[in-house]
Protein chains: 2
Amino acid sequence: MKRPGSDLPRDAARLSQGDLAGLIGYRLRRAQQELFRDFAASIPDLSPGRAGLLMLIEANPGVTQSRLAQAMALDRSTMVGVLDALESRGWLERRKGSDRRTNGLWLTRAGRVTLARVKRRIADHEMRVTARLSSAERERLLVLLGKLCPE
Amino acid sequence: MKRPGSDLPRDAARLSQGDLAGLIGYRLRRAQQELFRDFAASIPDLSPGRAGLLMLIEANPGVTQSRLAQAMALDRSTMVGVLDALESRGWLERRKGSDRRTNGLWLTRAGRVTLARVKRRIADHEMRVTARLSSAERERLLVLLGKLCPE
DNA sequence: TATTGTTATACTCTATAACTATA
DNA sequence: TATAGTTATAGAGTATAACAATA
C-alpha cells in the first residue's frame, strides 16, 4: 500500500492537533496505522493478523478453530474464511478431532518454512518501526500495552 | 459490536502465545482492537476516526479537504465520503475557498454541540480503558506512542 | 439442549485510477 | 502541468443470523 497523501505538497503549515494529541486512543490508532503500512510493504505475503494466526497454531498444534478464534478475539465465523485462505495456500491443514464436531489445526511443512521466513522479516520490521526507541523503552512499551489489553 | 467469542466456553486452558507476546505490533493491534470495541459501545454516534476528524476541523476551522486527509494519513478520495457522511448529519459544512478548487471545512452549530458531548464521552472512555494504568504510566505511554509515530 | 464449523449476507474503512475544474 | 475535489470500483477485515452435524 502506498503511503496516502504522498502525492500532496509537503510544505503546508502543520495543522493544530487540538484535543487529539492527548488521547491514547488516537495515538494508538495512528501508530497502528503506521506499523500496518510498514508491515504490508515489507511482508506482502501475509497480513499481521494472518501471520499471528500461523504463530499461534505453531505454538499450539492441534488447536481447534473456535479456541483460536477466542484467543484472537474474532468470531468463529470470521475464522472460517481466514483459515480457508491459509489452507488453500498450503500452509495449514484441518484434521477431524476425536470430538467429530471439531477441526484440529496443524501447520504443514510448507507452512513451517514460510513462517520461519516471515518471522525473520517481522523481526526486521519490528526493529525498523521501533528504531526511535531504546531497548528499555521498547520493553516498557510492551508492558504498558499489555496492561491496556490483558490476556 | 458484541464482544466476539462471548458465546464460547470460557473454561478452556489458555493458549500459548508463542513468539507473539514479544511483538510490539501484535500488542498494539490487540490493544487497538479492544479500545475500538469500547469506543463503539460507548459512543455509537461516531467512529474514532470520525470523531478525530471533527476535532481536527474544530481546531483548524477552514482547513481544506486535502490538508485534512494529509494530517490523518488518508487518501483525499477517502476523505470525500467521510465528509459527505458528516455533512449529511449536519455537523459540518464545505465552503468554496478563494482558490476555487478547494473547499474549506467548518463545524456547524450542531456539529459543535455534538462534538462537545462526544468529547465528554471520549474522556470517560479513555479513563475506562486506561484504568489499569497510573497517571504517570498513561503519560509515559502517550510519549512512547508518539515516538513510534512522529507527527 | 449446547457446541462446532459453516454459509450467506452485509457493513466499515480504505485504496487506486480516471475524470473535471481550476490554478 | 499540477493540484483539489470527485466518482466508480474494489479489496480487506469483520460481524450477525441461521443451518447441519455432533455431543
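Not measured: the values here are computed from a predicted model. Every chain is numbered from 1, with letters handed out A, B, ... down the list of sequences.
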Phosphate OP1/OP2 of [N] contacted by [X] side-chain N/O (<4.0 Å):
X	N	value
B:Arg37	D:dA15	yes
B:Gln65	D:dT3	no
B:Thr102	D:dT3	no

Q: Tell me which of A:Arg29 and A:Thr78 sits closer to the 5' end of DNA chain C, going by the nucleotide each one is nearest to.
A: A:Thr78
Q | Pairwise 5' ranking along DNA chain C for A:Asp84 and B:Pro48, keeping only the more 5' one | A |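 It is A:Asp84, whose closest nucleotide lies nearer the 5' terminus.
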Q. Are B:Tyr26 and A:Leu35 connected in the hydrophobic side-chain network, where two residues link if heavy atoms are under 4.5 Å apart?
A.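 Different clusters: B:Tyr26 never reaches A:Leu35 through Ile, Leu, Val, Met, Phe, Trp or Tyr contacts under 4.5 Å.
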Q | A:Leu28 with B:Leu46, same ILVMFWY side-chain cluster at under 4.5 Å | A |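 They do not share one cluster, since no chain of ILVMFWY contacts under 4.5 Å joins A:Leu28 to B:Leu46.
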Q.
Tell me whether A:Glu93 is salt-bridged to A:Arg95, with the criterion being a basic N under 4.0 Å from an acidic carboxylate O.
A.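 Yes, A:Glu93 and A:Arg95 are salt-bridged.
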Q.
Is there a side chain to side chain donor-acceptor pair (under 3.5 Å) between A:Arg94 and A:Gln65? Walk through the geometry before answering.
A. CA-CA 9 Å; A:Arg94 292 160 154 119; A:Gln65 299 188 189; 2.8 Å; yes
Please report the distance, rounded to the nearest Å, between [atom1] in [X] and [atom2] in [N].
X	N	atom1	atom2	result
B:Phe39	C:dT12	CZ	P	15 Å
B:Leu74	C:dT16	CG	C1'	15 Å
A:Gln32	D:dG13	CD	P	11 Å
A:Arg50	D:dG11	CZ	P	14 Å
B:Arg94	C:dA21	CZ	P	17 Å

**Q.** From C:dT7, C:dA15, D:dT16, nucleotide with atom closest to B:Asp75 side chain
**A.** C:dA15
Q. Side chain to side chain donor-acceptor pair (under 3.5 Å) with A:Glu126: which residues, sequence neighbours excluded?
A.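 Scan of A:Glu126 (side chain to side chain donor-acceptor pair (under 3.5 Å), adjacent residues dropped) gives A:Arg138.
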Q.
What does the B/S/- profile of nucleotides 18-23 of chain D look like, 5' to 3', with a 4.0 Å heavy-atom cutoff to protein?
A. ----BS
Q. Which other residues belong to the hydrophobic cluster containing A:Val80, where Ile, Leu, Val, Met, Phe, Trp and Tyr are joined when side-chain heavy atoms lie under 4.5 Å apart, directly or via other members?
A.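 Members other than A:Val80 - counting any ILVMFWY side chain reachable under 4.5 Å - there are none.
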